[in-house]
Structure formats: C-alpha cells, structure tokens
Amino acid sequence: MNVLFVASEATPFCKTGGLADVVGSLPRALNNCGIDARTILPRYRNLEISDTDLQNIAELSISFDGVLQRATLQRAISIHNPQSRTQNYFLDAPQYFNRAQLYNYDDDVLRFGFFCRAVLESLPFLRERENFAPVILHGHDWHCGLLPVYAQKLKIEKPKTIFTIHNLAYQGLAPKELLPRLGLDWSLFNYHQLEFYGQISALKGGLVFSNAITTVSPTYAREIQTPQFGAGLEGVFAEQANQLQGILNGIDYSKWNPRTDKFLAVNYDHQSIQNKQKCKRDLLKAVGLPAEEAGSTPVIGIVSRLSSQKGFDLIASALSDLLAMNCKLIVLGAGDQYYMTLLKNLRKRFAGRVAFEIGEYNEALAHKIYAGSDLFLMPSHYEPCGLSQMIALAYGTIPIVRATGGLADTITNFDAQSGIGNGFIFHEYNTRAMLDACYQAIECYDSPHWKTLLQNAFSSDFSWDTSAQKYTELYRNLVAQ
Ligand code: ADP
C-alpha cells in the first residue's frame, strides 16, 4: 500500500515543533507495517539538505492566482538517516517558498494552497516516474487543509484523504476575497464548508472534505469536541465524531537515546545513571549557571515554543516561589515576543538561578537539557500530544505536567507507596496547583523513592509501533470502503 505524507515540515529537513518529529518518524514505522509511506514537503530556502542531493523529476505548470505558476517536483537522492527507508520529495516553487522563514507571511494560505495544488499535480509523475501511486494522501495540519478540497474540485477520486490535526490553534485563516485567487468557487464559502466567522479556514476544509480525521491523542480527540478546546470548531467535530480518532504519537528512540546521543558529555542508560550527573554539570556550565551544588539542587528543564499554549504565564507568576524550593530553572525556546521579553526580565531578576536561552532551533542544547535536567516542566494550557514529556522520560528526566491532551495520556502521577507512576500531574490551570506538583517532585528528588521513579521513567515505552499499527488499520479500512 502506497501512502503519501503531505506536510509543511519534517525532520531532518526542517522543524519548528513536534509536527516535524512526527512526519519525520511515522513513515519509517509504517514501513515496518508493510506500508510504503513517503513524504512531500515544500522546498524552503533553508533546508537541511544540499542542492546536489536533490534531483528534478518533473516540471509543473499550474494555473493559480491568475497566472501560470511553475514548480519543480524533486526527490531527495541521499537519505539522511541511513536506517530510514523512506523516500522524500520536495516541491520547489521559489515564488512561494524561497524565504527566510517557513511561516508567518501574509500570504501563507495562498502559499500552502499552491503547495496542495502542486501535490495533486505531481501524482501522475510520481506514478509514472517513481512507480509510486498513493492510495492515501495523509495531510497534516492547516497547511494541507485545502488538499482534499482541491482533490474534490479536480475530481480526483483516488487517492483517499486523511487529515491529522496536530494543533487546532493554527487554522490557516484568510480574508474571503482570497477565494478566487485560490481558484475556489464562492459556493464553498458557507458555514458547512470553508467559511469560519466571515473568513476562509483552510483547516476547516481539511476537516470537512477529508475521508477521515485523526488527532494526536485520545484525550485531545475528546477535548476538541468541547467549547473549551474546540477553538470554535467543536460543532464540526461533534458532527464528525464517528470519523474522528485520537492516535497517540510516538517518539523515535534511535534519535532520543541517552546511550548513543552524540550531543551529551557522557552517555548513560538506566544502569549507568550516575553519568547523568556529569551531563547535569555539563548543562549547567553550558548555560552559565554554577555547577558546584549540582548534586543537591534539582534542575528543572523546559524546551518549548514560547506561546500562550505552553503555560509560561503560570511559570512567570510562580517563579519566585518555585526558586524558593531550592531548584534551578533552564529554559530553551523561541517564539512570541511577549514571552521572550518576559523570560529575559526574569533571567535578569533571578540571575544565577535561572537560565533562559533563546534559540529558534538549538538541537544540541535541547538534547543537553533533556539529559542534564532532573525534572521537565510542561504546564500546558492545552497539549494535543506533546513529545517533550516522552523524550524527557527516555532520558530519565521526570515530567511535571498538567493533565491535558496527550500529557494526560502519557504521564501517570507517581505514588511512592505503590511505586507506580512516571511523573507528577496537576489538574487545575493555576499557579497553586503547579507549585504543589513541583513541591511533590522536589520532595521526591530528596527521597529514596527517586530511584524507583527513575526506573519507571526509563521503562516507559512510547515507540511508534502501536500507533503505526492503528494508522495501518485506518488506511486499510479506508481503502476497503
Ligand atoms: P509542539 O509541537 O507544540 O511545539 P511538542 O512537545 O509536540 O510541542 O514538540 C516539540 C518538539 O520541538 C520537541 O522535539 C522539542 O524538543 C522541540 N523544540 C521545541 N523548541 C525547541 C528549540 N528552541 N530548540 C530545539 N528544539 C525545540
């Protein structure tokens, strides 16, 4: 069975968040289930692949936005990860993608609308020149929302379409005047199709026109059917409840493995946990914090996009009380200006106890934080799945999380008496609840139960196998329909 993953980012080529990790690793897990899954991405200016590793397959001419637009379908000829058997394709359309950043341009909906059109125009070439005829197009997030819409407009009956929501907060909204420029008919601009409060919603297109919808955890699948988490689309989800499935993301343990991680000062595993202390000292040095009392002072790490979703307002208001618990906080992140300024001010105020590193995408430091921290804080307001808590567990770093979305599906509260649990959970979104959970965690750090908790973390398994089987089942059911 051939499946084409259509997405706006994927490791190892380009990444702004967890979406890239998923698109970069799920196809490989699907290969193990007998699926030939390949990916297609826009060819951005800054891709982690050299020009010589890209080979042209076909020149496309597409009537779009009033002119004949050109694009080149390319294939990656060397596959970065030698273990990977997946093939990656790129669409080179410099007029839309040769820019400094991946996103955040006024014409984003037009850019990714074109990408979706070009993917559909590429299908005959993939079939003829690559012997690859997908029976499923698996689109991810709003950037691919118009894919099933165009498939219907162009009367492409095959392949079937699946749309996966990684984050409902980003909807691909655009003024309705863009509709003709996207080559779409005004008849689609209605409440049941593309219209969302007077604008076009690319994401809604994906929800309404796809053959199946998935999201990245069972709890998030339930949450988005409620007004609190549905971002105004809860009605659409309630209508499509039978078609909506929550499949938990996994992580790629060949990448996130403290035993082999090349970014660490020393490698370790559950049997050589003493080496984690060396990683901790290395981390403290790397971020300019004193390393002398490394053993007795727990370090709380955060690697995150800086957005309102991630709970930085709680962290800011709790920081003084948190640091009074004799711990240190290290944050790596970039994003909203508001949170950048907030964290910079906190860094000044709590110098020597707080490190805030701004890095759009600092892979080396991210790995050092996962390994060198004792605790990993994710007080998210909402979290569709969250990969960071799973990565932290792989490094024997204990998550403190709010019980929402995938965080609720992956972390169980540690109970010292029974010795069961892999982290610390709080429920209410407020500083008191977060501080209570941090207090329990820090208390445990100083207790003999810590060792049990560490072993529970190391034995938590979030590999892709189970999820890949669920996707495979979904693909087979769709094709059989
Ligand atoms: P989201 O997709 O909402 O950003 P996830 O927890 O699902 O959150 O995935 C975040 C991924 O991005 C993790 O792999 C995390 O390590 C990585 N990440 C986030 N910010 C940075 C950063 N500044 N530098 C390096 N990696 C980052």
Side-chain angles (χ1 to χ4, degrees), residues 18 167-169 217-220 222-232 234 298-333 335-347 349-350 353-354 356 373-390 392-393 397-416 421-445 453:
N167 195 334
L168 199 52
S217 71
T219 297
Y220 193 59
R222 282 192 300 276
E223 286 175 342
I224 58 178
Q225 295 178 47
T226 67
Q228 195 191 347
F229 293 98
E234 57 277 6
V299 166
I300 303 179
I302 296 178
V303 180
S304 175
R305 285 183 298 113
L306 302 184
S307 86
S308 60
Q309 168 196 346
K310 302 290 183 178
F312 285 100
D313 48 343
L314 286 192
I315 294 168
S317 57
L319 194 55
S320 173
D321 289 338
L322 185 61
L323 295 174
M325 294 179 200
N326 183 33
C327 62
K328 289 190 164 42
L329 180 71
I330 298 177
V331 183
L332 165 65
D336 293 1
Q337 200 51 53
Y338 172 79
Y339 293 108
M340 304 259 253
T341 311
L342 184 75
L343 288 171
K344 277 184 200 163
N345 290 339
L346 292 172
R347 177 172 61 188
R349 191 169 145 208
F350 298 103
R353 289 184 291 163
V354 170
F356 167 44
S373 306
D374 301 293
L375 295 158
F376 195 89
L377 182 57
M378 291 180 80
S380 305
H381 191 54
Y382 69 92
E383 194 62 70
C385 178
L387 299 176
S388 299
Q389 80 281 15
M390 304 187 209
L393 287 169
T397 300
I398 306 301
I400 305 169
V401 305
R402 196 174 92 79
T404 180
L407 297 175
D409 291 336
T410 51
I411 305 302
T412 43
N413 201 51
F414 181 65
D415 176 55
N422 58 3
F424 295 91
I425 297 193
F426 63 100
H427 291 265
E428 297 300 317
Y429 189 81
N430 62 47
T431 33
R432 191 68 269 148
M434 187 188 89
L435 282 168
D436 279 351
C438 293
Y439 179 74
Q440 281 177 43
I442 289 171
E443 207 180 42
C444 184
Y445 176 78
L453 179 51

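Along the sequence shown, the residues carry numbers beginning at 1.
A distance of 11.5 Å separates SG of Cys444 from CG of Asp374, quoted to the nearest 0.5 Å. Atom CD1 in Ile302 sits 5.0 Å away from atom CG in Leu329 (nearest 0.5 Å). The distance from atom CG of Asp321 to atom CE of Met434, rounded to the nearest 0.5 Å, is 9.0 Å. Here Tyr339 contributes atom OH and Leu346 contributes atom CG; the two are 12.5 Å apart, rounded to the nearest 0.5 Å. With rounding to the nearest 0.5 angstrom, the CG atom of Leu323 is 5.5 Å from the CZ atom of Phe350.
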Original post:
side chain to side chain contact (heavy atoms under 4.5 Å, CB included) between Tyr220 and Leu168: does it pass, once the steps are laid out?
Top reply: CA-CA 10 Å; Tyr220 193 59; Leu168 199 52; 3.1 Å; yes

Original post:
Given the rule in the side chain to side chain contact (heavy atoms under 4.5 Å, CB included) test, do Cys438 and Phe424 qualify, once you have shown the distances and angles that lead to the verdict?
Top reply: CA-CA 8 Å; Cys438 293; Phe424 295 91; over 6 Å; no

**OP:** Kindly determine whether Leu322 and Cys327 satisfy side chain to side chain contact (heavy atoms under 4.5 Å, CB included), including the steps that lead there.
**Re:** CA-CA 7 Å; Leu322 185 61; Cys327 62; 4.0 Å; yes

**OP:** Carefully, step by step, assess Asn422 and Phe414 under the rule side chain to side chain contact (heavy atoms under 4.5 Å, CB included).
**Re:** CA-CA 6 Å; Asn422 58 3; Phe414 181 65; over 6 Å; no

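Met390 approaches Cys385 most closely through the heavy-atom pair CE-SG, 3.5 Å. Of all heavy-atom pairs between Gly386 and Met378, the closest is CA-CE, 4.4 Å. Heavy atoms only, all atoms of each residue included: Gln389 and Pro399 are closest at O-CG, 3.7 Å. The minimum heavy-atom distance between Ile400 and Ala441, with the atom names listed, is CD1-CB, 3.8 Å.
Between the side chain of Ser217 and the backbone N or O of Pro384 there is at least one donor-acceptor pair closer than 3.5 Å. For the pair Asn430 (side chain) and Ala433 (backbone), a donor-acceptor distance under 3.5 Å is present. At distances below 3.5 Å, at least one donor-acceptor pair connects side-chain atoms of Glu234 with backbone N or O atoms of Gly232.
Looking at residues two or more places apart in sequence or on another chain, you find a salt bridge (charged side-chain N to carboxylate O under 4.0 Å, His left out) between Arg432 and Asp436. With sequence neighbours excluded, the residues that form a side-chain hydrogen bond (donor to acceptor under 3.5 Å, both in side chains) with Thr404 are Glu223. Evaluation of the side chain to side chain contact (heavy atoms under 4.5 Å, CB included) rule for Gln337 yields Met340, Thr341 as partners, not counting sequence neighbours. With sequence neighbours excluded, the residues that form a side chain to side chain contact (heavy atoms under 4.5 Å, CB included) with Thr397 are Lys276, Ser373, Phe376, Ala392, Tyr395.
Checking Val299, Val354, Val303, Ile300 one by one against Ile330, the side chain to side chain contact (heavy atoms under 4.5 Å, CB included) holds for a single residue, Val299.
Residues in residues 402-415 take part in no salt bridge (Lys or Arg N to Asp or Glu O under 4.0 Å) pair, two or more places apart or across chains.
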Please tabulate, one pair per line, all N/O donor-acceptor pairs under 3.5 Å involving side-chain atoms of residues 305-319, not counting sequence neighbours.
| residue | atom | partner | partner atom | Å |
| --- | --- | --- | --- | --- |
| Arg305 | NH1 | Tyr170 | OH | 2.9 |
| Arg305 | NH2 | Gln309 | OE1 | 3.0 |
| Ser307 | OG | Gln309 | N | 3.3 |
| Gln309 | OE1 | Asn167 | ND2 | 3.1 |
| Gln309 | NE2 | Tyr382 | O | 3.3 |
| Gln309 | NE2 | Glu383 | OE2 | 3.3 |
| Lys310 | NZ | Glu383 | OE1 | 3.1 |
| Lys310 | NZ | Glu383 | OE2 | 3.1 |
| Asp313 | OD1 | Tyr429 | OH | 2.6 |
| Ser317 | OG | Asp313 | O | 3.2 |
| Ser317 | OG | Leu314 | O | 3.3 |

